[in-house]
There are 2 protein chains.
Amino acid sequence: MKAAKSPATVEKTAAQPAKKPAPKTPRKRAPVPPPKPYHHGNLRDSLLDAADAVLLTHGASGITLREVAKAAGVSHAAPYHHFASLDDLLATVAERGFQRLIAALEPTTRLTNSRERLLQISEVYVNCARAHPSQFRLMFGPLLSRKREFPALQIAAERSFGMVVAAATALDPRRGTELALLGWSLCHGLSHLLIDGALEGMSMPLPPTALLARQLTERALDGGG
Amino acid sequence: MKAAKSPATVEKTAAQPAKKPAPKTPRKRAPVPPPKPYHHGNLRDSLLDAADAVLLTHGASGITLREVAKAAGVSHAAPYHHFASLDDLLATVAERGFQRLIAALEPTTRLTNSRERLLQISEVYVNCARAHPSQFRLMFGPLLSRKREFPALQIAAERSFGMVVAAATALDPRRGTELALLGWSLCHGLSHLLIDGALEGMSMPLPPTALLARQLTERALDGGG
DNA sequence: CGCTAAATCTTTCTCCCGTAAAGATTGTTC
DNA sequence: GAACAATCTTTACGGGAGAAAGATTTAGCG
């Protein structure tokens with residue numbers, strides 16, 4: 001019945017077989033008792049990992065609650081005990097995407113040169129989008145419009161934008177927010193155009209992604225016209 | 001089996017095309033018979049108009065072949081005689097979106113001041129996205145990645161980008177393409193952030209849309225840091 | 001240890017979707 | 001007017017979202 005196992009995503013404690021020949025042995029796996037071991041191990045994280053895997057294989061449009069559940073090795077109705085709806089699951093996936101973006105941006109905060117900091121933020125942003133295009137689409141898709149329904153998503157999104165604002169304000173204390181919006185819009189639009197393939201086949205040679213992001217941001221900082 | 005069904009189909013849709021001036025009415029029950037051709041004039045354009053209407057009411061995610069067909073007053077299978085699939089219909093809707101963008105950009109080609117021309121292009125672009133957010137999402141959604149399957153969509157998209165390149169090249173003949181990509185990315189990202197509501201509730205006062213687009217483009221042209 | 005209640009997971013069901021296939025209807029052409 | 005092609009409808013099938021109810025495990029408590 002439950003022979004199917006997720007290929008390479010789950011590494012948590014698997015549910016023990018139905019029969020327990022040995023007496024009750026307290027599992028010592030962590031110094032603190034995990035507050036979440038239940039039937040499946042914890043299915044919630046497994047579902048999120050499975051959703052990431054499905055995004056990689058099937059793309060953002062082909063993601064399905066049933067497919068995610070199957071990838072996690074549970075029935076198609078099991079996710080409803082951990083997420084209110086498919087959108088709720090996807091919003092959590094998007095939130096994790098923002099958290100990964102924040103983690104990728106974190107090293108730039110140690111740079112003292114504000115200009116170089118902004119340039120590297122641009123590179124990281126566009127690289128992140130290209131590395132995980134489906135998640136990127138999810139992060140900024142229609143779910144973000146409903147961020148009031150998903151407070152965790154909203155908080156993560158605002159935190160990531162806050163890092164851009166901080167860098168821009170360091171470079172231009174007077175009009176930092178505007179500069180942040182300029183840089184963010186530029187990188188966001190470039191990311192979208194890149195991952196949507198809008199720039200392919202346009203008889204236009206393009207430098208590598210990171211270099212392109214840096215070049216355009218440099219030109220925006222120095223003035224392009 | 002009910003072979004002859006009374007024409008109880010609703011006509012709530014805004015159908016303006018009437019290629020047949022004298023449609024013979026098989027039966028007259030209303031004092032004012034709407035000139036609806038028995039075999040539905042040309043359904044193709046009606047479906048495209050209906051799709052636009054559905055986009056307005058239900059949003060980009062809630063668009064459905066059945067809903068479009070219902071809005072056009074035909075059965076849910078009728079569209080298959082004019083479009084190969086739902087994606088084919090949506091690609092045509094996206095193509096019309098690009099054509100509308102091209103039409104909106106057309107007046108800017110008469111400007112002789114290249115800088116002002118680029119600034120107005122920015123305004124038009126972002127205004128267009130805000131005025132038709134669902135169509136905008138469709139135009140640059142996953143369908144654009146498959147533009148090889150929809151040559152008309154690809155041509156319209158390239159034409160619109162060509163207008164930006166032309167304006168940027170007029171301002172900077174040496175690095176016009178790069179400048180066009182900078183301006184396009186900036187406006188594209190700003191449009192996305194605006195219509196996705198990413199900038200709402202961020203404790204950040206924003207000027208009106210068109211002014212914001214102009215300000216950011218000006219700063220990119222003049223240098224921001 | 002046994003019992004009860006709550007949480008988790010599965011099965012089943014309904015409704016809606018895209019779309020293929022076949023039947024019905026209309027316009028066209030000889 | 002009859003055959004034909006185009007158009008539209010009906011019916012059907014597979015699949016997905018989600019609700020409802022049953023089954024199973026775990027926790028809580030005596």
(request) Could you work out which one of dG18(D), dC9(C), dT9(D) sits closest to the side chain of Ser85(A)? (result) dG18(D)
(request) Figure out the CG/P separation between Leu90(B) and dC17(C), and round it to whole Å. (result) 14 Å
(message) Donor-acceptor check, side chain of Thr92(B) to backbone of Asp88(B), threshold 3.5 angstrom: yes or no?
(response) yes
(message) By nearest atom, which of the nucleotides dC9(C), dG18(C), dA17(D) is closest to the Leu43(A) side chain?
(response) dC9(C)
(request) Starting from the 5' end of DNA chain C, give me the residue, Ser75(A) or Ala77(B), whose nearest nucleotide shows up first. (result) Ser75(A)
(message) Please confirm whether the ring centroid of Phe140(A) lies under 6.0 Å from the ring centroid of His188(A).
(response) yes
(request) Mind calculating the distance between CG (Asp88(B)) and P (dA20(C)) to the nearest angstrom? (result) 12 Å
(request) Decide if atom CZ of Arg146(A) counts as having more than 12 heavy atoms of other residues, nucleotides or ligands within a radius under 6.0 Å. (result) yes
(message) On the nucleotide dC9(C), are OP1 or OP2 found under 4.0 Å from the side-chain N or O atoms that His82(A) carries?
(response) yes
(request) Rounded to the nearest angstrom, tell me the gap between atom CG in Leu47(B) and atom P in dC8(D). (result) 8 Å
(message) From OH of Tyr80(A) over to P of dG16(D), roughly how many Å is that when rounded to an integer?
(response) 12 Å
(request) Between dA17(D), dT9(D), dT19(C), spot the one nearest the side chain of Arg66(B), thanks. (result) dT19(C)
(message) To the closest 0.5 Å, what do you measure between CG (Leu153(B)) and CG (Asp87(B))?
(response) 11.5 Å
(request) Take atom NZ of Lys70(A) and atom P of dC9(C), then tell me their distance rounded to the nearest Å. (result) 19 Å
(request) Give the rounded distance in Å between these two atoms: CG of Asn42(A) and P of dT26(D). (result) 14 Å
(message) I need the CZ-C1' distance between Phe83(B) and dG18(C), as an integer number of Å.
(response) 16 Å
(request) Take Leu65(A) and His81(B), find for each the nucleotide of DNA chain D with the closest heavy atom, and name the residue whose nucleotide sits nearer the 5' end. (result) His81(B)
(request) Using modelled atom types only, decide if a donor and an acceptor are shared between the side chain of Thr57(B) and the backbone of Val54(B) within a distance under 3.5 Å. (result) yes
(request) Select one nucleotide: of dT9(D), dC17(C), dG18(D), the one nearest the side-chain heavy atoms of His76(A). (result) dG18(D)
